[in-house]
Amino acid sequence: MNIIFGAVVTLVSLLGWGGQCIACLAPRLAVRLQLTEDEKHVDPAFYADARGEAVWDALTLWILPVAGVLLMMKSVWWPYFGLAGGAMYVYFAGRGIAARVSMQRRGIRIGKPGLSYLFLAIWGLLGAATMIGGLFVAADLIIGSLSAKD
């Protein structure tokens, strides 16, 4: 089960982190791959926000794919990476959805966000599931180490 969940965590989170890396380093390629919207089709404020988000996400979202790899390797470190990485993906997804909905309601052009909502929701759920799994394993490790001292 660990290998299957670890593979899912790794592959699905790599889509998020990899997409943001492409958007950060090669914005034109990201537009061609439909990972992001073309600057001429969105409000300048939304475009600037998305570019800043891509830079920050490229620097930070690598932690969840690492958690997935560590889980497949049965490393005792996976729950800690899973907790941190999962929290980052929950934040990434929640902020992305909330910002897009808020901007749309104010008439700010954000392009065609249809699939972005779906993927953001998937990443948020994956992050939450990884955090829950990591929390149980971390708690078990802590309780086990306390019991060993008795």
Side-chain angles (χ1 to χ4, degrees), residues 1-139 141:
M1 187 65 168
N2 286 353
I3 292 176
I4 293 170
F5 187 63
V8 169
V9 168
T10 302
L11 294 174
V12 175
S13 62
L14 274 175
L15 289 174
W17 179 62
Q20 290 296 67
C21 287
I22 293 170
C24 172
L25 300 171
R28 289 187 191 114
L29 176 59
V31 170
R32 275 185 284 173
L33 295 174
Q34 297 182 342
L35 300 174
T36 189
E37 297 288 338
D38 193 332
E39 184 175 9
K40 62 186 169 197
H41 296 131
V42 297
D43 188 90
F46 178 75
Y47 185 78
D49 181 65
R51 296 284 298 132
E53 182 180 52
V55 170
W56 183 249
D57 292 346
L59 294 172
T60 61
L61 292 183
W62 58 270
I63 295 173
L64 195 57
V66 169
V69 170
L70 291 173
L71 177 57
M72 288 187 290
M73 294 170 45
K74 299 181 182 179
S75 169
V76 297
W77 288 99
W78 95 259
Y80 308 108
F81 278 82
L83 286 167
M88 292 166 78
Y89 270 71
V90 168
Y91 174 80
F92 166 62
R95 184 219 180 265
I97 291 170
R100 283 164 178 76
V101 167
S102 179
M103 288 182 190
Q104 276 185 307
R105 287 183 179 163
R106 285 168 176 73
I108 296 172
R109 294 178 305 126
I110 64 167
K112 297 178 250 173
L115 278 180
S116 66
Y117 288 130
L118 174 64
F119 280 103
L120 287 167
I122 289 169
W123 289 318
L125 291 172
L126 179 72
T130 305
M131 286 174 57
I132 291 167
L135 187 62
F136 280 114
V137 172
L141 289 172

How about [X]: does its [atom1] atom have over 12 heavy atoms from other parts shown lying under 6.0 Å from it?
X	atom1	value
Ile3	CD1	no
Ile4	CD1	no
Tyr117	OH	yes

So salt bridge (charged side-chain N to carboxylate O under 4.0 Å, His left out) across residues 56-72, not counting sequence neighbours, yields none

What salt bridge (charged side-chain N to carboxylate O under 4.0 Å, His left out) pairs are there with at least one residue in residues 89-100, not counting sequence neighbours? Asp49-Arg95, Glu53-Arg95, Glu53-Arg100

Can you tell me if [X] uses its side chain to pair, donor with acceptor, with the backbone of [Y] under 3.5 Å?
X	Y	result
Thr130	Gly82	no
Tyr89	Ser13	yes
Ser102	Ala98	no
Trp56	Leu61	no
Trp17	Ala58	yes

Any idea how Tyr80 and Trp77 line up, ring-wise: parallel (<30°), tilted (30 to 60°), or perpendicular (>60°)? perpendicular

Is there side-chain contact between Met88 and Leu64, with at least one heavy-atom pair below 4.5 Å?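 The answer is no, as the side chains (C-beta and beyond) never meet within the 4.5 Å cut-off.
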
Could you tell me if the side chain of Thr10 sits less than 4.5 Å from the side chain of Leu71, heavy atoms only? no

Which atom pair, heavy atoms only, marks the closest approach of Trp123 to Val12? NE1-O, 2.9 Å

What closest approach, in Å, do Ala138 and Leu83 show between heavy atoms, and which atom pair accounts for it?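 For Ala138 versus Leu83, the nearest heavy atoms are CB-CD1, 4.4 Å.
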
To the nearest 0.5 Å, tell me how far Ser75 OG sits from Asn2 CG.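 Output value for this atom pair is 11.5 Å.
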
How long is the gap from CG on Leu115 to CD1 on Ile122, to the nearest 0.5 Å?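 Leu115 CG to Ile122 CD1: 9.0 Å, rounded to 0.5 Å.
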
In residues 23-48, what donor-acceptor pairs under 3.5 Å come from side-chain atoms, sequence neighbours left out?
from  : atom 1 : to     : atom 2 : distance (Å)
Glu37 : OE2    : Lys112 : N      : 3.1
Asp38 : OD1    : Lys40  : N      : 3.3
Asp43 : OD2    : Ala45  : N      : 2.9

